[in-house]
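Only this structure's heavy atoms are used, side chains among them; waters, hydrogens and symmetry mates stay out.
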2 protein chains.
Amino acid sequence: MNFQKRKQKILDQLNVSGEIEIKQLATELDISEITARRDLNQLALDGLLYRTRGGAMKVNPLDKPTDFVNKAAQNIEAKDSICRKAATQINDGDIIFMDCGSTVFRLCQFIKNKKIKVITNSLPVVYELQSSLVSLNIIGGEFDAERLAVHGTIAHEHILRYRAAKAFLGVDGISKKGLFANSEKEAAITTAFAQQSNYTYLLCDAGKIDRETYLNFADLSLVNAIITDADVNKLQSIKEQGIAILLVD
Amino acid sequence: MNFQKRKQKILDQLNVSGEIEIKQLATELDISEITARRDLNQLALDGLLYRTRGGAMKVNPLDKPTDFVNKAAQNIEAKDSICRKAATQINDGDIIFMDCGSTVFRLCQFIKNKKIKVITNSLPVVYELQSSLVSLNIIGGEFDAERLAVHGTIAHEHILRYRAAKAFLGVDGISKKGLFANSEKEAAITTAFAQQSNYTYLLCDAGKIDRETYLNFADLSLVNAIITDADVNKLQSIKEQGIAILLVD
DNA sequence: TCTTTATTGATTATTTTTGATCGAAATTAA
DNA sequence: TTAATTTCGATCAAAAATAATCAATAAAGA
């Protein structure tokens, strides 16, 4: 049992139980206490654990589960059919914006083989398209670890320097009163993308319709079309305001 | 049983069990221990495994095997010790630049638990630090799928809007004539990072010293310090130009 | 065929790792 | 507060792994 293997075991246990003791470590790995101590010290030097008297503790107590992926996992079928429809609106040569919504993310799989340019602030979108035919452009700025996307002033300014034919965006809610978001940062990005594109598509599954959350950040006129799987009756009030409705097949 | 066949067997076993021991290898393949050792050393040079005392381990058992990491895997031990040294130069509260070099990438593991801000144009760095204590800032612009990093005019402008205490950068070569790169895009980014930081560290393993590749893009004075595992004698001409030399422990 | 080159193994010296001991420092108990 | 206990780090010696050197063998080319 060499140092590298022990190091792994130590970090494994720390990840599970959060702490470790010298004596227990020495018995478990069948090494002397001084060696156990040396191991912990070395790992502490690299900042991989926090050395305590008689043992060690985990440094980073909580690892964020990428709740984005979880969120993205909800209602996949509906989202996929929305995105399939959205993909028909995209032609080779297009330059498009994609924001960091979970529905928009599902669009990636349908455009991988298109010769287009995608401008996005979403890290998952970048990963998904990184080795595809799509040419990528990343919005820079502060990275929001919770949303896995770039936000902030610099990001906003950065978007204003680009111009795209189409934007594919998500929101947290939509009603005849307009568009709703859960955060101001996200709302600012969505607005910027919409303003800088010639035609803006809103991708929203049935659950988003008539849902009015925290922030009413824009009028319906910000977008040109809505792609949705919702019942056409529920969309009447939106349609009346001159927004095109694209229903999934 | 020639080297090629042994190499295959070694890598096979590593893929299955994740580790291998010299003694076991020698018995199993009916070769002497020194030959087994030589095999492992050679494979480690190519970055195909991580040499440990008494055996070897799979390259990055914890990390995802992206193409990039494989490239980064060359000379891991040297790069890791360089980065361990580099990490000692970083304190909580620091704002630092990190570019898209493969050595710089290895720095991530040593700074995951530091409370710092990292500004980078490298996607692997973002990926690695995305769920750490580090606060991230992404340089925006055109995404270069080959280097998995952001480059171009916008990226360059974006960097100029930031200011950091320290920059940790890589190059393709360094000699008394200055710094060398394999592409103009990369050179521009490196230069920008260096100019916008108060103190610039160059991380370069021994192979980079006195290597003069395609583009001589900057004078040595662009950087303040070099962190390297190279022999001190080879660094004399660099030291004479007033660059600080930090040798690995 | 002979020569050259590369590979392998044996031997030895060096380096690294490990464990034991002991005094110092920190923690706990009185 | 002091005393007892535990943990710690420094030092040193033993053990293991390694690198360096050289000779033997195998392979390749002239």
**OP:** Look at the side-chain N and O atoms of B/R51 and state whether any lies under 4.0 Å from the OP1 or OP2 oxygen of D/dT18.
**Re:** yes
Original post:
What's the CD-P distance between B/E21 and D/dA17, to the nearest Å?
Top reply: 8 Å
**OP:** Decide, yes or no, whether a salt bridge links B/K114 with B/D92 under the criterion of side-chain N to carboxylate O below 4.0 Å.
**Re:** no
Original post:
In terms of the nearest nucleotide of DNA chain C, which residue is placed more toward the 5' end: B/D30 or A/D39?
Top reply: B/D30
Subject >> Pairwise distance CG(B/L25) to CZ(B/R37) - rounded to 0.5 angstrom >> reply: 11.0 Å
Original post:
Given atom NZ of A/K5 and atom C1' of D/dA17, what is their separation to the nearest angstrom?
Top reply: 16 Å
Original post:
Once you round it to whole Å, what is the distance between P of D/dA24 and CD1 of B/I34?
Top reply: 17 Å
**OP:** In whole angstrom, give the distance that lies between atom CG of A/L40 and atom P of C/dT18.
**Re:** 13 Å
Original post:
Quick one: on DNA chain D, does A/G55 or B/R37 contact a more 5' nucleotide (nearest heavy atom)?
Top reply: A/G55
Original post:
Among all residues two or more places apart in sequence or in another chain, which pass the side chain to side chain contact (heavy atoms under 4.5 Å, CB included) test with B/A225?
Top reply: B/Y199, B/Y201, B/A244, B/L246
Original post:
Under 4.0 Å between a side-chain N or O of B/S32 and OP1 or OP2 of C/dT8?
Top reply: no
**OP:** Quickly work out the B/I22 CD1 to D/dA16 C1' distance and round it to whole Å.
**Re:** 12 Å
Original post:
Atom CD of A/Q4 and atom C1' of D/dA16: how far apart are they, to the nearest Å?
Top reply: 14 Å
Subject >> Among C/dG19, C/dG9, D/dG9, the nucleotide that comes nearest once only the side chain of A/I31 is considered >> reply: C/dG19
**OP:** Find the distance between NZ (B/K79) and OG (B/S81) and round it off to the nearest 0.5 Å.
**Re:** 11.5 Å
**OP:** Record whether the side chain of A/R38 comes under 3.5 Å of the base of C/dG19 through a donor-acceptor pair of N or O atoms.
**Re:** yes
**OP:** Let me know which of A/K7, A/R6, A/K9 forms a salt bridge (Lys or Arg N to Asp or Glu O under 4.0 Å) with A/D39.
**Re:** A/R6
**OP:** May I ask you to evaluate whether B/K23 reaches the phosphate of D/dA16, defined as a side-chain N or O under 4.0 Å from OP1 or OP2?
**Re:** no
**OP:** In whole angstrom, give the distance that lies between atom CG of B/N41 and atom C1' of C/dT7.
**Re:** 15 Å
Original post:
side chain to side chain contact (heavy atoms under 4.5 Å, CB included) with B/A86: which residues, sequence neighbours excluded?
Top reply: B/L107, B/F168, B/L203, B/I227
**OP:** Using whole Å, report how far CD of A/E33 lies from C1' of D/dC8.
**Re:** 11 Å
Subject >> Ionic contact status for B/D144 with B/R147, cut-off 4.0 Å >> reply: yes
Would you tabulate the nitrogen or oxygen pairs shorter than 3.5 Å linking the protein to nucleotides 14-17 of chain C?
residue: C/dT16; atom: O4'; partner: B/R53; partner atom: NH2; Å: 3.3

